[in-house]
Amino acid sequence: MLALEAMDYTAGGRRILSDIWLQVDEGEILAVIGMSGCGKTSLLKCIAGLVRPSAGSVRLEGRDIVPLGEADLNAVRRRIGLVFQYAALFDSLNVYENVAFGPKQHTRLRRADLDQLVSRRLGEVGMSGSERLMPSELSGGMRKRVGLARAMATEPAVLLYDEPTSGLDPVIARTIDHLIVETRNRTRTTSVVVSHDVRSVFRTADRIAFMHEGRIEAVGSPEDIRASSSKVVQEFLEADSGP
Amino acid sequence: MVKVVWRLSQRYRFGQVLDEAMRRVYRTPHPLYTSLVMADGLAAPARSPARSGPGWIVGVLQYVGETVSLAASAIGHLFRGGLNVGLAVNQMAAIGVDSIPIVAATAASTGAVFAFYTAGVFLHFGAGPFAGGILTVTFFLELGPVLAGISVAARSGAAIAAEIGSMVVTEQVDALRALGVAPARYLVLPRMVACVLMMPIAGLVGDFAGTAAGMLMASVNGITPSSFLESARTHVSEIDLIKGLIKTLWFGLMISVVACHQGLKTTGGATGVGRSTTRSVVLCVVLIFISDFFLAQMLKGASIVVK
């Protein structure tokens, strides 16, 4: 479904990502963990086509998206949903308009169908009845849920989550984790979750990739990662378990 | 004409040719990212070729390349039917409400002061019959368009740069792109169309507010309104009005592109938004004066009619 092959990303003369090889199967949840500044968000932006890798390829459903022009990339992006760290809701639009934004731009749905779609998506994330609220009236957890509803509204094949639980209390974080797994189970969407929340990742991921200084240090099932012989992986996991 | 230029630029990919040329000159890993890239709405690189290149000339060329690419991209979306009319109308309303009262106030004040200082001099030299014509042609050709341009740049241009800048730093522009919507179509094009359509109206308001205030002040200083209007009617032609309005069309295009470009280039949170807004106003005002000089030459200056 999604494959990164020998991908490098350089920005401002600095190499952010080096020789990334990753494959994510259909319906799989891959979590990417690592310390702050290790390149996790850049990896996500390369997959979403928001920045262009300097070498290598990003294959979505077998097609390399790196050489595509902006018009073709826009078509590819409709197959990808991105849930931003701080939700990135359009603050001049209410919740309904935010969720309806993608379908309105790319389809000719009738108003009644659009209403039904928005209502269904908001229901799936537990935000029914919030259609008329503005983003400024929502809490952090509510914003993330609306962000997920907006990303799902275009029925993407791949969902990318950027730090979905950061800044949330443990109860809301668990709700978001549950939502990620439930969304995958319901839609068979391929998911890539970037996070440094180890507990959340071990609850949700089928496989985990550990990144360090722009490289993939280890990839495997949660058990493989726990048993990894890599010193940086063990340090990271131990730091999270704490005294 | 515009269609022909657009088709040629699409066919021969001028932007990409320029990009490739710059890449070869600077040998940077990413070729002149911002010229085509900004049109795509991608983020500007952390370190631009201008800083590593030989001085300000490169910076100017890069800036021109970026803004022209952004404008070309937006105009391309216009020809492909990508204009969101509702957004454009909202922007036009915002410019109308925000800027036109300021245009009226600044033009009226300038017209009154102009008449206050000159009415006595005109009468002293026996040139009273020319006062209305000179003041009117000055406003129609120069002061109306320029004051309107400065007012719209200061009010609406700043608002555009600040709004888009805030959207950039809160990742809303990335969210747009992630949803498959080009910022050039959704953000730039409606603002460009609104500025281009509203600037002539702002210019007309400036022309008539300045002239009317000048007439009132002149009447206080001994030149009657009927004499003022007769002079204006005799010495000013419709062509002068049209020349001024042509200037406002250009100013509208320039203000919208510069403000949107500065907004899209914003980096660094709230400070960055402030910096982009300030830069947008300064650049617009400077470019209005510079381009006004060249437009005046192209439009052959004043054409006061002597009968």
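Here is how names work: the chains are called A, B, and so on, in the same order as the sequence lines, proteins then strands, and each is numbered from 1.
- The most heavy-atom pairs under 4.5 Å with chain A, out of L176(B), N84(B), T170(B), come from L176(B).
- In summary, D174(B) and K45(A) engage in a salt bridge, as defined by a charged side-chain N under 4.0 Å from a carboxylate O.
- Salt bridge status for R191(B) with E163(B): present, with a side-chain N to carboxylate O gap under 4.0 Å.
- Using a 4.5 Å cut-off between heavy atoms, L89(A) touches chain B through its backbone atoms (N, CA, C, O) alone.
- With a 4.5 angstrom heavy-atom cutoff, I80(A) touches chain B only via backbone atoms.
- R79(A) has a carboxylate O that lies under 4.0 Å from a charged side-chain N of E61(A), or vice versa, which qualifies the two as a salt bridge.
- For residues 164-199 of chain B, every residue pair satisfying the ring-ring contact (aromatic ring centres under 6.0 Å, His included) rule, not counting sequence neighbours, is listed here: F101(A)-Y186(B).
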